[in-house]
Structures are given as structure tokens and as C-alpha cells.
Novice: 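Questions regarding the structure given below will be posed in turn.
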Amino acid sequence: MKKSTLGALFLVLLGAVLVSCGPSEKTKKLIDDSKKIFGTIPEKIPGGEGDSPELVQLGEKLYFEKRLSANDTQSCNSCHNVAGKGAGVDNLSTSPGAFGKNGDRNSPTVLNAGFHIAQFWDGRAKDLKEQAKGPILNPVEMAMPSAAEVEKKIGAIAEYQDLFAKAYPKEEKKITYENLAGAIAAFERTLITKDRFDDFQRGDHKALSSEEQEGLETFLATGCTACHVGPLLGGNSFRKLGQVNPYENTSDKGRATLTKNPADAFVFKVPSLRNIAITGPYFHDGKVATLEEAVKKMAHLQLGKDLSDSDTKSIVTFLKALTDKNRSN
């Protein structure tokens with residue numbers, strides 16, 4: 001066979017290989033649909049335009065600071081662990097506070113929290129800064145008696161005098177409760193995760209396996225996007241838990257306790273599904289142990305659908321792809 005013929009044959013075979021390696025039309029549509037339906041995670045969390053490295057450094061130290069609790073045993077990280085591969089939670093149903101008493105609700109992840117519509121399950125804090133003020137003074141959580149006592153305690157530490165001076169160089173009174181919360185919020189705004197679904201949305205058709213793509217299709221076909229939309233697949237709305245079928249735990253009235261509006265009974269913030277595979281147990285009360293159980297229960301409660309085991313497994317397979325690449329096992 002002539003060299004020219006061999007060369008032409010090689011080019012044909014190479015072209016066939018390249019075509020076979022490309023995405024199918026079905027996958028192309030799934031990529032396009034996922035971008036349109038969910039959008040992609042922004043590079044920065046709103047509100048952090050003026051965050052300096054010094055402010056973030058101070059916030060990180062304060063986030064891990066146990067001296068912000070009454071008996072020096074609890075830090076923000078105690079309930080919202082971000083160290084190493086920590087998923088921003090403690091993986092407990094409810095969390096023990098400084099003196100051993102547990103809170104009433106499950107500790108939600110702090111990862112990507114700054115993108116949320118509001119903070120806490122009932123949305124009582126409008127942003128990360130307002131949220132940071134709550135647990136420190138909460139008598140069950142960190143149990144400090146007052147903002148003034150926090151300022152006095154932290155202000156007596158030489159290291160913090162220096163760190164606050166660098167983080168707030170233009171302010172006359174630097175160590176204030178407002179500035180402390182602002183610094184913690186600045187650190188939390190850096191906790192943005194990246195997962196394989198991000199890569200898939202941006203055109204890497206190999207980022208999700210065929211089984212994970214099938215799981216995404218099942219997720220869409222089931223109607224999960226009735227609540228779980230936006231770049232975080234949630235975190236951007238409030239919904240009643242038990243829209244079709246009632247949830248068995250009726251002791252927590254949700255936003256109604258905050259708003260005093262009976263229409264808000266059992267209404268909670270829709271959790272983000274980013275990192276959901278590593279942030280259990282699930283629901284506001286932490287009473288659902290596994291992701292499989294959570295998926296089945298949500299379909300029943302919110303959509304009135306009783307998922308098959310195979311559809312449940314398929315959706316869970318997709319949800320596992322939403323785990324931050326730096327926190328994957």
C-alpha cells in the first residue's frame with residue numbers, strides 16, 4: 001500500500017476517533033439545559049468587594065476562635081467545620097453548645113452560604129454578617145453574655161489588637177462587635193466550592209459519567225427543580241415542608257415562629273444541594289440519616305411521588321457529583 005494511501009487512511013481513522021470522543025447530541029442538550037435551568041456559580045459572593053487579605057485573615061482566625069464562647073470551648077468551626085475536607089457542618093442531627101445543651105435545628109453548611117437568599121433555616125438573618133452575630137450571643141450556642149463582653153474579651157488579646165488594626169486601619173474604634181462579625185463574614189465569603197457539575201455545565205462532557213448524566217435527567221424529569229433551582233440548586237427560596245403530604249415532625253413551625261404569620265407554618269429555606277452528599281443528616285431537624293431516604297421523602301412530601309429504588313439511586317448518583325472537588329474522598 002502506498003504511503004499516501006496509508007496517510008489518508010490514518011486521517012480517516014483519526015477523524016473517527018475524534019468524533020467518537022465528542023459528546024452525543026443528548027449530552028450536548030443536557031449541558032445546555034443545565035446551564036439554562038440552574039445557571040453557574042459566580043466567582044465571587046456579593047458583598048465582598050472591599051474585602052482585603054487582612055480582613056479575611058482576621059475573619060479566619062476568629063472563625064476558629066474558641067475564646068468567642070463563654071467557657072472557651074466553642075468556635076464557629078465547632079458546628080460548621082471547614083478544616084481539611086470539612087463540609088461546613090458537624091454531621092450531627094443537632095449541635096451541642098458551650099454548656100452541652102443541643103440546639104433545636106440542624107447546623108446547615110457554611111459552604112457557599114453567602115449566595116443564599118438569607119441565613120438560618122428560617123431566614124432571620126439577611127446576610128453573613130448578621131448571621132455571625134447570632135451564635136456568639138445565643139445562650140445555648142456560644143453563650144457570651146453581651147456584645148460588650150465579647151469586645152472586652154477579644155480586645156484584651158494583643159494578637160487581636162494587631163490584627164484588627166491591620167484589617168480596619170481607617171476606623172478609630174477597631175475592635176467592635178460589628179467589625180468582628182464583618183471579618184468572619186469576609187472569611188466565609190471565600191468558602192466557594194467547585195465540583196464536577198460545574199465543569200459539565202461549562203462544556204466538559206466527560207466531567208459527569210453516563211450514570212451521573214442519567215441521574216441528572218431523572219432529577220429533572222421527577223420535578224426536583226420545582227424547589228431546587230439556581231446555581232446552588234436551592235438556597236434561593238422558602239417553601240413549606242410538606243406541600244403535598246405532611247412532614248411527621250410538627251413541633252417546629254418554621255418561619256411562622258419568626259413572622260407570626262400562620263401561612264408561614266412549616267416554611268423553611270430550601271437547602272442548597274451543592275455538597276449534599278457530605279452534609280447529612282438531613283432536613284431542619286436532622287432526623288433523616290441518609291441521602292437516599294432524604295430524596296425519597298422529599299419526592300413524597302413535596303411532589304406527591306413515590307420514587308422507585310432505581311430512580312432514587314439514579315438521583316443520588318447525580319447528587320454525589322455536586323461535592324466540592326477538594327472535599328471528595
Side-chain angles (χ1 to χ4, degrees), residues 20-39 87 89 91 93 106 109 193 195-235 237 239-249 268 270-325 327-329:
S20 67
C21 289
S24 66
E25 290 303 314
K26 184 178 180 181
T27 296
K28 287 180 182 178
K29 185 177 185 306
L30 195 57
I31 291 173
D32 189 49
D33 286 348
S34 70
K35 287 188 290 187
K36 290 178 181 177
I37 293 169
F38 302 110
V89 298
N91 297 117
S93 294
N106 176 261
T109 180
T193 65
D195 56 53
R196 290 186 291 108
F197 184 52
D198 291 312
D199 298 334
F200 183 75
Q201 287 184 301
R202 292 184 171 94
D204 181 0
H205 67 281
K206 294 182 179 180
L208 296 187
S209 68
S210 59
E211 291 81 8
E212 289 164 343
Q213 291 183 39
E214 289 173 9
L216 172 55
E217 291 178 322
T218 306
F219 181 89
L220 296 173
T222 300
C224 302
T225 51
C227 295
H228 294 283
V229 291
L232 300 185
L233 286 75
S237 66
R239 295 295 179 92
K240 180 181 179 180
L241 180 60
Q243 289 186 153
V244 178
N245 294 300
Y247 184 51
E248 56 266 27
N249 181 4
F268 298 91
V270 175
S272 163
L273 297 182
R274 297 282 182 171
N275 303 294
I276 194 69
I278 56 174
T279 55
Y282 304 103
F283 292 22
H284 65 282
D285 53 11
K287 290 186 180 296
V288 178
T290 69
L291 188 53
E292 288 78 7
E293 183 185 355
V295 168
K296 272 201 167 188
K297 188 175 283 290
M298 286 303 293
H300 176 72
L301 296 175
Q302 305 305 102
L303 302 171
K305 296 182 178 181
D306 293 321
L307 289 181
S308 65
D309 289 343
S310 61
D311 281 350
T312 301
K313 181 180 179 182
S314 181
I315 291 174
V316 168
T317 297
F318 162 63
L319 294 180
K320 288 180 178 178
L322 301 176
T323 302
D324 180 29
K325 288 184 280 189
R327 291 172 169 83
S328 299
N329 293 326

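Residue numbers count from 1 along this sequence.
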Novice: Please check this pair: side chain of Q201 against backbone of G39, looking for a donor-acceptor N/O pair closer than 3.5 Å.
Specialist: yes

Novice: With a 3.5 Å cut-off and sequence neighbours excluded, list the donor-acceptor pairs that the side chains of residues 287-296 form with protein atoms.
Specialist:
unit_1 : atom_1 : unit_2 : atom_2 : d
T290   : OG1    : E293   : N      : 3.1
K296   : NZ     : D309   : OD1    : 2.6

Novice: Would one find more than 12 heavy atoms of other residues, nucleotides or ligands at under 6.0 Å from atom NZ of K35?
Specialist: yes

Novice: With side chains defined as the heavy atoms from C-beta onward, is the minimum distance between T323 and N275 less than 4.5 Å?
Specialist: yes

Novice: Given Q213, which partner from the list I31, L30, T317 fulfils the side-chain contact (heavy atoms from CB on, under 4.5 Å) test?
Specialist: L30

Novice: Taking only distance into account, with no hydrogens and no angle test, what donor-acceptor pairs under 3.5 Å do side-chain atoms of residues 214-225 form with protein atoms, sequence neighbours excluded?
Specialist:
unit_1 : atom_1 : unit_2 : atom_2 : d
T218   : OG1    : E214   : O      : 2.9
T218   : OG1    : S314   : OG     : 3.1
T222   : OG1    : T218   : O      : 2.6

Novice: Return the OG1 to CG distance between T27 and D32, rounded to the nearest 0.5 Å.
Specialist: 12.5 Å

Novice: Can you confirm whether K320 sits close enough to I278 that some side-chain heavy atom of one is under 4.5 Å from a side-chain heavy atom of the other?
Specialist: no

Novice: Restricting to non-hydrogen atoms, name the atom on F283 and the atom on N106 that form the minimum distance, rounded to 0.1 Å.
Specialist: O-CB, 3.5 Å

Novice: Would you indicate whether K305, at its atom NZ, is surrounded by more than 12 heavy atoms from other residues, nucleotides or ligands within a distance under 6.0 Å?
Specialist: yes

Novice: If I take atom CG from residue D324 and atom OG1 from residue T193, how far apart are they, to the nearest 0.5 angstrom?
Specialist: 4.5 Å

Novice: Going from CG on L307 to CD1 on I315, what distance comes out if it is rounded to the nearest 0.5 angstrom?
Specialist: 5.0 Å

Novice: With heavy-atom distances below 4.5 Å as the criterion, would you say the side chains of E248 and K297 are in contact?
Specialist: yes

Novice: Which residues pass the ring-ring contact (aromatic ring centres under 6.0 Å, His included) test with F38, not counting sequence neighbours?
Specialist: F197

Novice: Give me the atom names and distance for the closest heavy-atom approach of D195 to A321.
Specialist: CB-O, 3.6 Å

Novice: Could you pull out the closest heavy-atom pair between T279 and T109, with the gap in Å?
Specialist: CG2-CB, 4.1 Å

Novice: Just how far is it from atom CG of L319 to atom NE2 of H228, taken to the nearest 0.5 Å?
Specialist: 8.5 Å

Novice: Would a distance-only check, ignoring hydrogens and angles, find a side-chain to backbone donor-acceptor pair under 3.5 Å from R196 to A207?
Specialist: yes

Novice: To the nearest 0.5 Å, what is the distance between CG (N249) and CG (D285)?
Specialist: 4.5 Å

Novice: Between R239 (side chain) and A226 (backbone), is there a donor-acceptor pair under 3.5 Å?
Specialist: yes

Novice: Which heavy atom of V244 sits nearest a heavy atom of H300, and at what distance?
Specialist: CB-O, 4.4 Å

Novice: Minimum heavy-atom separation for G286 and P281, please, with both atom names.
Specialist: O-CB, 3.5 Å

Novice: If you take all heavy atoms of C227 and S237, which pair is closest and at what distance?
Specialist: O-OG, 4.2 Å

